[in-house]
Amino acid sequence: FAERPYLLVDTDCRAHALDPQLPAWLRTLPAPVIAVGQQPSPLAEACDLQLATADELAPLLRNIKACPITAAVLVQTLRLTQRLDVADGLVAESLAFASLQNGAEFRRWHAGFNAADHPPAQRQPQTPAVAVQRDGDRLCLMLDRADQRNTMSVEMRDALLEALSLAIVDDRISSIELAGRGRCFSVGGDLREFGSAPDPATAHAVRGVALPGRLLHRLASRTTVRVHGACIGSGIEFPAFAARVMAAADAWFQLPELKYGLIPGAGGTVSISRRIGRQRTAWLALSCARIDARTALAWGLVDDVEA
């Protein structure tokens, strides 16, 4: 609630070494703690994210100031999910997401959102949102709303859950491949549906039984996801649960939820942080920046980049 709702820590300053309790104290602060410095240390590891120089601060601080409560909930959730198993981490993320859905920062964004600027695409004839093809022990799933850039709408979510449930109940399926049709894998959640649940508690209850990432985690060892083009929000959050994520050279990745007054809510604080670590996940979510396929490969967000 302060003018500066964050703490900057100069991790190159030798004076920090005088207090061995400082790292533990930093982890208790209800606000983003940003390390600035070149030297690795327990102090830097205790912070929510690390920057090499202060020149990188401007976009992060601007976003944190715009949504300080959301930024605080994000780093607190990442600290928590790091210590939990996947199932409990998903519950913690969903509860945090639900609390923000009733917060002033989300309500401010939602009040300014004009659904007319995001008209639904017209489809003729209607086809399933996820195309399913079974070939022996191989199951191929294709997000099939190319005209909507494979937006993760309720329709898409439910179709994907139904398809993945087939592999859950049929252990003869030894290989699952998931991809997206069109120019991109998925641009993430349908903004027109944000805040459309009767209330945040009901939305949390729905996520408890209808979250594709939960099934993908159970099927991870059998699953390969192939992504291309835009992979935004849930468009990378649930694929990250798979054991193998293959990216096309044109793939790019972004977590934009902060600007909506929200945190990743499709499992990203669990799946992405387990791939690239808590600090890089915090940087992605607080900066709202895009990273390309090569950066994603270097970080471990994807497992290979295909030509």
Side-chain angles (χ1 to χ4, degrees), residues 121 123 127-135 138-153 155-157 159-161 163-164 167 173-191 211-213 215-217 219-257 264-277 280-281 283-285 287-307:
R123 293 187 58 85
T127 58
V130 177
V132 180
Q133 183 176 357
R134 175 80 178 265
D135 182 12
R138 184 167 171 258
L139 183 68
C140 296
L141 309 178
M142 183 73 69
L143 306 185
D144 196 16
R145 287 292 181 265
D147 54 343
Q148 300 173 27
R149 296 185 294 172
N150 294 324
T151 300
M152 190 53 55
S153 62
E155 177 201 30
M156 179 73 81
R157 180 202 68 194
L160 185 56
L161 285 167
L164 292 172
I173 297 174
S174 61
S175 173
I176 305 161
E177 289 200 6
L178 172 62
R181 187 161 284 138
R183 292 185 301 166
C184 67
F185 178 75
S186 176
V187 295
D190 188 340
L191 298 182
L211 196 70
L215 297 189
L216 272 177
H217 169 64
L219 297 166
S221 63
R222 294 188 265 166
T223 303
T224 297
V225 182
R226 299 183 184 276
V227 300
H228 70 285
C231 305
I232 302 174
S234 60
I236 183 56
E237 293 177 56
F238 72 84
F241 281 106
R244 191 157 181 79
V245 180
M246 309 290 289
D250 70 343
W252 55 271
F253 308 88
Q254 184 182 32
L255 296 179
E257 291 89 350
T269 65
V270 179
S271 62
I272 294 177
S273 63
R274 277 163 168 73
R275 278 184 164 267
I276 67 175
R280 281 177 169 162
T281 304
W283 181 86
L284 270 179
S287 70
C288 300
R290 300 178 181 184
I291 61 170
D292 61 20
R294 288 296 172 187
T295 301
L297 177 62
W299 288 6
L301 183 58
V302 302
D303 300 295
D304 199 1
V305 176
E306 302 174 303

Visitor: Donor-acceptor check, side chain of Arg244 to backbone of Thr224, threshold 3.5 angstrom: yes or no?
Guide: no
Visitor: How far apart are the closest heavy atoms of Ala293 and Ala249, and which atoms are they?
Guide: CB-O, 3.9 Å
Visitor: Would one find more than 12 heavy atoms of other residues, nucleotides or ligands at under 6.0 Å from atom CZ of Arg183?
Guide: no
Visitor: Between Leu219 and Ile173, is there a side-chain heavy-atom distance shorter than 4.5 Å?
Guide: no
Visitor: Calculate, to the nearest 0.5 Å, the distance between atoms NE2 and CG belonging to His217 and Leu211 respectively.
Guide: 12.0 Å
Visitor: Which atoms form the tightest heavy-atom contact between Ser273 and Val270, and what is the distance?
Guide: OG-O, 3.2 Å
Visitor: Report yes or no: does Asn150 contribute a side-chain atom to a donor-acceptor pair with the main-chain N or O of Arg181 at less than 3.5 Å?
Guide: yes
Visitor: Please find the pair of heavy atoms, one from Arg145 and one from Thr127, that lie closest to each other, and give the distance.
Guide: NH2-O, 2.5 Å
Visitor: Tell me, with the steps shown, if Cys140 and Met142 meet side-chain contact (heavy atoms from CB on, under 4.5 Å).
Guide: CA-CA 7 Å; Cys140 296; Met142 183 73 69; over 6 Å; no
Visitor: Find out whether Asp190 and Glu155 are in side-chain contact, i.e. whether some heavy atom of one side chain is under 4.5 Å from a heavy atom of the other.
Guide: no
Visitor: Has the side chain of Thr223 got a donor or acceptor atom that lies under 3.5 Å from a matching backbone atom of Ile176?
Guide: no
Visitor: Using modelled atom types and a 3.5 Å cut-off, is there a donor and acceptor pairing between side-chain atoms of Glu237 and backbone atoms of Gly268?
Guide: yes
Visitor: Just checking Arg149: does its CZ atom have more than 12 heavy atoms from other residues, nucleotides or ligands closer to it than 6.0 angstrom?
Guide: no
Visitor: Distance-only criterion, 3.5 Å: show the donor-acceptor pairs between side-chain atoms of residues 225-235 and protein atoms not counting sequence neighbours.
Guide:
| residue | atom | partner | partner atom | Å |
| --- | --- | --- | --- | --- |
| Arg226 | NH1 | Glu306 | OE1 | 3.4 |
| Arg226 | NH1 | Glu306 | OE2 | 2.5 |
| His228 | NE2 | Gly182 | O | 2.7 |
| His228 | NE2 | Cys184 | N | 3.3 |
| Ser234 | OG | Gly189 | N | 3.4 |

Visitor: Please name the pair of heavy atoms, one in Ala266 and one in Phe241, separated by the smallest distance, quoted to 0.1 Å.
Guide: O-CE1, 4.2 Å
Visitor: Testing Val302, Ile236, Asp303 for side-chain contact (heavy atoms from CB on, under 4.5 Å) with Arg275, which one passes?
Guide: Asp303
Visitor: For Leu255, is there any backbone N or O sitting under 3.5 Å from a side-chain donor or acceptor partner on Arg290?
Guide: no
Visitor: Kindly give the heavy-atom pair with the smallest separation between Asp144 and Met156, and that separation in Å.
Guide: N-CE, 4.1 Å
Visitor: Between atom CG of Leu143 and atom CG of Leu160, what is the distance when rounded to the nearest 0.5 Å?
Guide: 6.5 Å
Visitor: Can you name the nearest heavy-atom pair linking Leu164 to Pro212, along with the distance?
Guide: CD1-O, 3.9 Å
Visitor: Can you say whether the rings of Phe185 and Phe238 are parallel (under 30°), tilted (30 to 60°) or perpendicular (over 60°)?
Guide: tilted
Visitor: If you define the side chain from C-beta out and look only at heavy atoms, does anything of Phe253 sit under 4.5 Å from Ile272?
Guide: no
Visitor: Should Val132 and Leu139 count as side-chain neighbours, where that means a heavy-atom distance under 4.5 Å?
Guide: yes
